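Notes follow the structure.
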Amino acid sequence: MEVNSSPNAVRALIQQARREGAIAGVVPTMGALHAGHASLIEAARKDCDYVVSTIFVNPTQFGPNEDIDRYPRTLDDDLQKCEAAGADLVFTPDTSQMYLPDAESDVRVTGLTQKLEGERRPGHFDGVTTVVAKLFNITVPDKAYFGQKDYQQQLVIRRMVMDLDWGIEIVTCPIIREADGLAMSSRNRYLSAEDRQRSLVLHRSLMLAEQLAAAGIRTAEIAARMSRLIEAEDGVELDYAVVVDRSTLVPAADDAETGVALLAAKLGKTRLIDNQELRFR
Ligand code: AMP
C-alpha cells in the first residue's frame, strides 16, 4: 500500500493504473477510521482493481461552532486499517495541499442541501461538495463509495455527480453498527459511559419506526412516536426525527411504499445522526 499527500503524485499514480486497464474506486474519509469506513474500502476492493482511500479532515465543512480541533486524528491506526481492508493507495493531503489560500471557487448543490442537516449546519454541504469535487478531480475514479450512515450526504453527492455529468458511479454502503445497535461514528469516542448507554435510544427509535411502518401506521404518526421515545430519554436532546421520501427528503406521503426515517440528537456536546430505510404496509 502506498501513502502519498501530494495531489499531483496521487493523480499520476491513479492515471497510470487506469492506463493499464484498472477500474479505480475511491473512498473519501476524514480519518479516525472504524469498521464502517473499512466496510467501504472492502466494498471497493471487491468491485475495483485499484482502491484509493482518502484521509482529510476538511475544514470547510465544519461550522463556526463546530470544533475542528477536537476532531480525532489517528493516522497510524488509520493506515493500518486501510491496508487491512485492501487499499492500494491512501491520499493524506494537508489543508495547504487541498486549498489555495486565495481560492474563489466552490461547488454548491441547492434544494436538497437546505433541509435537515443543511438547515442545522449552514454551509456544511457546500464544504462537503467542494471537497468531494476536488477529490474526484484529483483521483478521477470510476466509482466512489459513501456510507448510508450519512444519508443526506450521499444523496447530495449523487445529485452533484448527475448535475455535473461526472460519470462516476456512486455506491452507497449499508450502516455498520456496534453489537448493541449504535451506528459506528468517529464521534462516538466522545460519549461518556452514561451517554453511550443513553445513545441506544436512537437505534431503538429506528427499530420502532420499522415496526410501525410494517404495521401500516401513518408516516406522521411514526415520526411523532420516534420523537416521543427519544425525548423521554434523560440527557438526550432530540434535534429532529422525520419520515421522508428516500430521494427528495420531503415528508413521506401516506400512500408511499417506501421512505426513510432520519434522526439527529445531541448527547452532551456530541451530535449523532442515524437513519433506517422503511417499507410501508
Ligand atoms: P467520515 O470520515 O465521517 O467523513 O465518513 C467517511 C465515509 O464513511 C462516509 O461516506 C460515511 O457515510 C461513511 N461511514 C461513516 N460511518 C459509517 C458506518 N457506521 N457505516 C458505514 N459507513 C459509514
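Atom set for the values below is all heavy atoms of this structure, side chains included, hydrogens, waters and symmetry mates excluded. One-based numbering, in listed order, for ligands and for the atoms of each. Just so it is clear, the model here is predicted, and its values are computed rather than measured.
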pair [X]-[Y]: side-chain heavy atoms closer than 4.5 Å:
| X | Y | result |
| --- | --- | --- |
| Lys266 | Asp239 | no |
| Asp274 | Ile175 | yes |
| Pro141 | Val52 | no |

Can you list every pair where an N/O of ligand 1 is under 3.5 Å from an N/O on the protein?
residue: ligand 1; atom: 2 (O); partner: Met30; partner atom: N; Å: 3.0
residue: ligand 1; atom: 2 (O); partner: His37; partner atom: NE2; Å: 2.9
residue: ligand 1; atom: 5 (O); partner: His37; partner atom: NE2; Å: 3.4
residue: ligand 1; atom: 10 (O); partner: Gly147; partner atom: N; Å: 2.9
residue: ligand 1; atom: 12 (O); partner: Gly147; partner atom: N; Å: 3.2
residue: ligand 1; atom: 12 (O); partner: Gly147; partner atom: O; Å: 3.3
residue: ligand 1; atom: 12 (O); partner: Asp150; partner atom: OD2; Å: 2.6
residue: ligand 1; atom: 16 (N); partner: Met184; partner atom: O; Å: 3.4
residue: ligand 1; atom: 19 (N); partner: Ile176; partner atom: O; Å: 2.9
residue: ligand 1; atom: 19 (N); partner: Met184; partner atom: O; Å: 2.9
residue: ligand 1; atom: 20 (N); partner: Ile176; partner atom: N; Å: 2.9

Q: Apply side chain to side chain donor-acceptor pair (under 3.5 Å) to Arg19 and Gln16, showing your working.
A: CA-CA 5 Å; Arg19 264 200 300 276; Gln16 178 61 29; 2.9 Å; yes
Q. Does Asp78 pair with Lys81 as a salt bridge, N-O distance under 4.0 Å?
A.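 Not counted as a salt bridge, because no side-chain N and carboxylate O are separated by less than 4.0 Å.
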Q | Donor-acceptor pair between Gln154 and Arg158 side chains, under 3.5 angstrom | A | yes
